[in-house]
Enquirer: 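The structure follows.
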Amino acid sequence: MTERRFDFSELNAYREDNQLEVKAALGGLPDALWESYSAFANTDGGCILLGVKERADGSLYAAGLKDAEKLKMDFWNAVNNRQKISVNLMTERRVRVETIEGKDILVLEVPRADRSARPVFKGLDPRNGTYRRNGSGDYRCSLEEVSALFRDAALVTQDAKVLKGMDWSVFCLETIRSYRQLFRTSHPDHVWNNLEDEVFMRRIGAMALADDGTYHPTAAGLLMFGYEYEITREFPQYFLDFQENRQMYRTRWTDRIVSTSGDWSGNVFDFVFKVVPKLTADLKVPFVLKGMSRIDDTPLHKILREAVTNTCVHADFYGRRGLVIQKKVDGFVFSNPGSMRVSKRVAVEGGVSDPRNGVMLKIFSLVDYGERAGSGLSSIMLVWEHVFHAAAKIEEEMGVERVVLTLNKDGHEQDVKAMLELYDNPEELTIVGYDTVNDKFNSEFIACEGLFDPQMQGNDPQKAVNVPQNDTQKIGNDLQNKLCNPQSQGNEPPKVMNDTQKQGNDPQKIENDTPKVLNDPQNDAKSNNSDTKKVVNDTQNGDTDTQKQKSQIKNVDKMSIKDVVVDKMSINSNNVDKMSINNEIVDKFCEIIVFVTKNPHAKTEQIAQLLGMSNSSAKQYMQKLTTFGFMSREGANKNRTYSVSKELLGLLIVNEK
């Protein structure tokens with residue numbers, strides 16, 4: 001049915017608009033009926049009422065039809081006549097006679113045509129018979145609009161086109177290197193990482209086999225990785241524009257990136273990765289931990305990336321006026337050439353994905369950019385409204401063929417508390433400086449405004465907190481200093497840092513290796529039973545000193561471990577431990593230490609099962625325990641196991657005695 005439901009018993013309350021047209025039809029089917037039919041079909045659908053007139057004030061009333069049933073039959077005959085209209089979109093339920101105040105009218109509910117059936121045109125010539133709806137009137141489409149409708153009707157997305165007149169030389173090799181590095185980070189063990197550049201480009205859809213038997217760039221490959229001057233050979237109207245205006249009453253931009261500047265490649269991929277950091281630079285980033293790792297990628301970061309990606313993958317790069325992204329004092333505007341390929345209602349509700357540039361979306365999604373489930377726009381609008389308490393708006397501009405997404409703040413500040421509710425898997429997160437009992441940020445440790453750095457540029461984690469005593473590096477350094485500094489405890493503990501470094505566990509290196517560790521394919525390779533057998537065998541054949549020390553710890557349990565761990569991790573009240581190294585984290589540390597003390601050479605899968613968490617989360621705990629000198633690692637990534645460090649075993653023995 002149409003986008004709207006009409007209650008014709010209240011006919012006088014309606015006015016003609018973008019989805020309602022009335023005609024008296026006193027002399028039979030009017031010829032102008034087919035213009036409105038074409039206009040509604042090529043726009044968002046609408047309702048045509050025959051036997052209804054418009055008063056001088058714009059209100060409507062039923063004039064009635066002499067023979068509504070005959071007119072209905074005449075309509076069916078005409079709508080199936082290809083000389084009248086190009087396609088019949090109507091079904092029985094869409095054509096009906098209704099009685100208003102004793103007078104019969106004919107109701108015609110015209111649906112939005114599927115893009116494969118568009119353009120819907122009157123007569124035999126689409127160039128002169130294609131109409132669209134704009135406000136309360138129908139207008140004839142220009143040749144440019146008709147061409148765009150025909151392009152969108154294709155079953156294969158326009159960026160899949162193979163450009164036989166171009167070769168490898170159109171690509172910017174630096175862009176390809178950047179993309180491949182990002183791909184390796186997202187998929188460290190993917191078989192494509194070992195491919196030559198040209199073969200890799202074929203795999204992702206940036207090149208394809210043409211009918212001449214050779215490989216050439218696709219339109220998607222050219223747009224994503226080509227030089228701007230090469231792109232404009234295929235897309236003469238191609239233009240990318242980012243504008244930033246930091247002053248409320250200033251009309252011109254204060255920062256700008258354009259594809260025509262000549263000092264960078266000018267392609268879509270590089271544009272996205274230049275623009276996204278600028279869009280997110282001023283966002284407030286709460287101090288949130290998952291395990292012992294800082295989460296700097298907030299829901300707002302994600303939807304702004306999604307908005308940029310959406311703008312690119314839905315753009316008609318053959319269209320006019322280019323792609324424009326604006327960062328304003330009070331929000332953001334994303335504008336792309338081309339009309340919407342699905343109705344606004346379907347786009348907002350989500351669940352239907354119909355990108356104009358499907359290959360480009362695939363290339364983005366391979367590096368974790370872009371939503372393929374058709375829920376990108378709905379997620380953007382939901383998060384924005386939740387965090388800024390202001391409505392996001394999507395508009396389609398007819399005639400100029402543009403779609404504009406506007407994210408206005410309406411003067412509201414970012415609601416950090418509301419944003420925290422939107423994090424994935426919130427049960428696994430620790431919100432630093434937030435008092436969950438009293439439902440407020442705890443000013444005793446960090447003032448609410450101190451959680452954020454208003455001067456932060458980009459996504460540098462070390463700049464994300466404007467409290468010198470509470471940055472992420474300081475947390476690790478303070479904890480390590482406590483473990484390694486004899487004067488801090490009054491006793492002479494072993495030199496944990498030196499031994500850790502000898503084992504090759506430099507803390508900085510561990511942090512840098514995190515992406516690789518998190519994607520260890522061995523996580524799901526073996527069952528827990530086989531792992532347990534391996535631990536028993538390893539224990540029997542393991543290090544003699546470790547077994548000897550273990551045998552001296554007769555009553556190891558969580559409480560005795562906790563005393564030792566807390567003692568070594570205690571920091572005075574001016575430092576950060578009371579917020580970030582909370583009891584929950586200490587308890588998990590203790591559970592792991594107890595388990596590994598009793599089961600040396602333990603694998604991550606066993607520890608994850610013990611804690612009831614994912615393998616990747618367990619690995620993060622093990623990395624931190626290793627960094628702090630509580631654990632030692634054995635073996636390479638694929639066969640890595642963990643044992644309690646000799647230093648910690650010594651401390652536990654002393655504590656037990």
Side-chain angles (χ1 to χ4, degrees), residues 1-4 6 14-25 27-54 58 60 71 74-91 94-95 106-154 316 318-320 337-346 395-403:
M1 303 299 284
T2 56
E3 298 276 340
R4 290 161 55 190
F6 295 96
Y14 292 102
R15 301 292 187 274
E16 285 191 329
D17 57 25
N18 65 330
Q19 286 196 308
L20 183 61
E21 174 72 20
V22 302
K23 300 184 184 298
L29 290 176
D31 188 60
L33 163 68
W34 305 112
E35 296 174 6
S36 296
Y37 180 96
S38 167
F40 284 143
N42 291 323
T43 313
D44 266 334
C47 188
I48 303 172
L49 302 181
L50 302 184
V52 175
K53 289 185 176 182
E54 186 177 17
L60 307 179
L71 197 65
D74 290 344
F75 172 79
W76 281 117
N77 291 334
V79 79
N80 289 309
N81 182 350
R82 296 290 77 84
Q83 293 185 339
K84 281 287 186 182
I85 196 72
S86 61
V87 62
N88 177 15
L89 303 172
M90 308 299 282
T91 60
R94 295 185 181 278
V95 182
L106 184 61
V107 179
L108 308 175
E109 293 182 336
V110 183
R112 176 189 173 105
D114 185 86
R115 63 178 177 81
S116 61
R118 299 162 80 177
V120 175
F121 53 91
K122 171 186 174 183
L124 300 175
D125 186 359
R127 295 172 299 177
N128 295 315
T130 300
Y131 292 82
R132 301 190 83 174
R133 191 75 171 180
N134 189 2
S136 60
D138 308 322
Y139 73 92
R140 182 180 295 163
C141 294
S142 65
L143 292 179
E144 185 177 4
E145 289 178 90
V146 175
S147 297
L149 290 170
F150 274 117
R151 283 198 302 271
D152 284 344
D316 181 358
Y318 289 103
R320 290 181 293 131
S339 59
M340 299 182 71
R341 286 161 65 95
V342 297
S343 70
K344 189 187 301 185
R345 174 182 56 83
V346 170
E395 296 176 296
E396 187 174 15
E397 298 179 357
M398 297 301 175
V400 294
E401 295 294 292
R402 293 189 73 78
V403 175

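Values in this document were obtained by computation on a predicted structure and should not be read as measured data. One is the number of the first residue; the rest follow in order along the sequence.
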Enquirer: Drop me the distance from I48's CD1 to Q19's CD, to the nearest 0.5 angstrom.
Expert: 12.0 Å
Enquirer: With sequence neighbours excluded, what pairs up with E144 under the salt bridge (charged side-chain N to carboxylate O under 4.0 Å, His left out) test?
Expert: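 Salt bridge (charged side-chain N to carboxylate O under 4.0 Å, His left out) list for E144, sorted by chain: R320.
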Enquirer: Can you check whether N128's main-chain N or O pairs, donor with acceptor, with R140's side chain at less than 3.5 Å?
Expert: yes
Enquirer: If I take atom CZ from residue R94 and atom SG from residue C47, how far apart are they, to the nearest 0.5 angstrom?
Expert: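 It comes to 10.5 Å.
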Enquirer: With a 4.5 Å heavy-atom cut-off, do T43 and F40 have their side chains touching?
Expert: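 The answer is no, as the side chains (C-beta and beyond) never meet within the 4.5 Å cut-off.
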Enquirer: Distance alone, cut at 3.5 Å: any donor-acceptor contact between the side chains of D138 and S36?
Expert: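 There is such a pair between these side chains.
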Enquirer: If every non-hydrogen atom of L20 is compared with every non-hydrogen atom of L60, which pair is closest and at what distance?
Expert: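 Reported closest heavy-atom pair: CD2-CD1, 3.9 Å.
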Enquirer: According to salt bridge (charged side-chain N to carboxylate O under 4.0 Å, His left out), who are the partners of E145, at least two apart in sequence or on a separate chain?
Expert: none
Enquirer: Please evaluate residues L50 and L29 with respect to the criterion side-chain contact (heavy atoms from CB on, under 4.5 Å), reporting the C-alpha separation (whole Å), side-chain torsions for both, the decisive distance (0.1 Å), and the verdict.
Expert: CA-CA 8 Å; L50 302 184; L29 290 176; 3.8 Å; yes
Enquirer: Under the side-chain contact (heavy atoms from CB on, under 4.5 Å) rule, what do K122 and D31 come out as? Steps first, then yes or no, please.
Expert: CA-CA 10 Å; K122 171 186 174 183; D31 188 60; 2.6 Å; yes
Enquirer: Check whether S38 reaches the backbone of Y131 with its side chain - one donor and one acceptor, N or O, closer than 3.5 Å.
Expert: yes
Enquirer: Spell out, as yes or no, whether a donor-acceptor pair under 3.5 Å connects the side chain of Q83 to the backbone of L124.
Expert: no
Enquirer: May I ask you to decide if N42's main-chain N or O and R133's side chain share a donor-acceptor pair within less than 3.5 Å?
Expert: no
Enquirer: Using 30° and 60° as the class limits, which term best fits the ring planes of F75 and W34: parallel, tilted or perpendicular?
Expert: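 The arrangement is parallel - the two ring planes meet at less than 30°.
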Enquirer: How close do P30 and A25 get, heavy atom to heavy atom, and via which atoms?
Expert: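 That closest heavy-atom pairing would be CD-CB, 4.1 Å.
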Enquirer: Can you tell me if R132 uses its side chain to pair, donor with acceptor, with the backbone of A39 under 3.5 Å?
Expert: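 No, R132 side chain to A39 backbone: no donor-acceptor pair under 3.5 Å.
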Enquirer: Does a salt bridge link R341 with D152, judged by any charged N lying under 4.0 Å from a carboxylate O?
Expert: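 Yes, R341 and D152 are salt-bridged.
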Enquirer: Once you round to the nearest 0.5 Å, how far does CD1 of I85 lie from CG of N80?
Expert: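 Separation between the atoms: 11.5 Å.
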Enquirer: If you look at every heavy atom in V110 and A41, which pair is closest and at what distance?
Expert: CG1-N, 4.1 Å
Enquirer: Using a strict cut-off of less than 4.0 Å between a Lys/Arg side-chain nitrogen and an Asp/Glu carboxylate oxygen, indicate whether R345 and D44 qualify as a salt bridge.
Expert: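 Salt bridge: no.
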Enquirer: Side chains of S147 and Y318: does their closest heavy-atom pair fall under 4.5 Å?
Expert: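 Not touching, per the 4.5 Å side-chain cut-off.
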Enquirer: Out of curiosity, L49 CG to E54 CD, how far, rounded to the nearest 0.5 Å?
Expert: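 Between L49 CG and E54 CD, I get 11.5 Å after rounding to 0.5 Å.
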Enquirer: Given side chains that start at C-beta, do those of Y37 and L108 come closer than 4.5 Å, heavy atoms only?
Expert: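 The answer is no, as the side chains (C-beta and beyond) never meet within the 4.5 Å cut-off.
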Enquirer: I'd like to check D316 versus E401 (side-chain heavy atoms, cut-off strictly below 4.5 Å). Are they in contact?
Expert: no
Enquirer: Over all heavy atoms of both residues, which pair between P119 and S86 is shortest? Give the atoms and the distance, please.
Expert: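 Minimum heavy-atom separation between P119 and S86: O-OG, 3.9 Å.
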Enquirer: Not counting sequence neighbours, which residues clear salt bridge (charged side-chain N to carboxylate O under 4.0 Å, His left out) with D114? List them please.
Expert: none
Enquirer: Determine the minimum heavy-atom distance between M90 and N88, stating which atoms define it.
Expert: N-OD1, 2.9 Å
Enquirer: Nearest 0.5 Å please: distance from the CG atom of L33 over to the CG atom of D74.
Expert: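 L33 atom CG to D74 atom CG measures 11.5 Å (nearest 0.5 Å).
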Enquirer: Supply the atom-to-atom distance E21 CD to S136 OG, rounded to the nearest 0.5 angstrom.
Expert: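 Spacing of CD (E21) from OG (S136) equals 8.0 Å.
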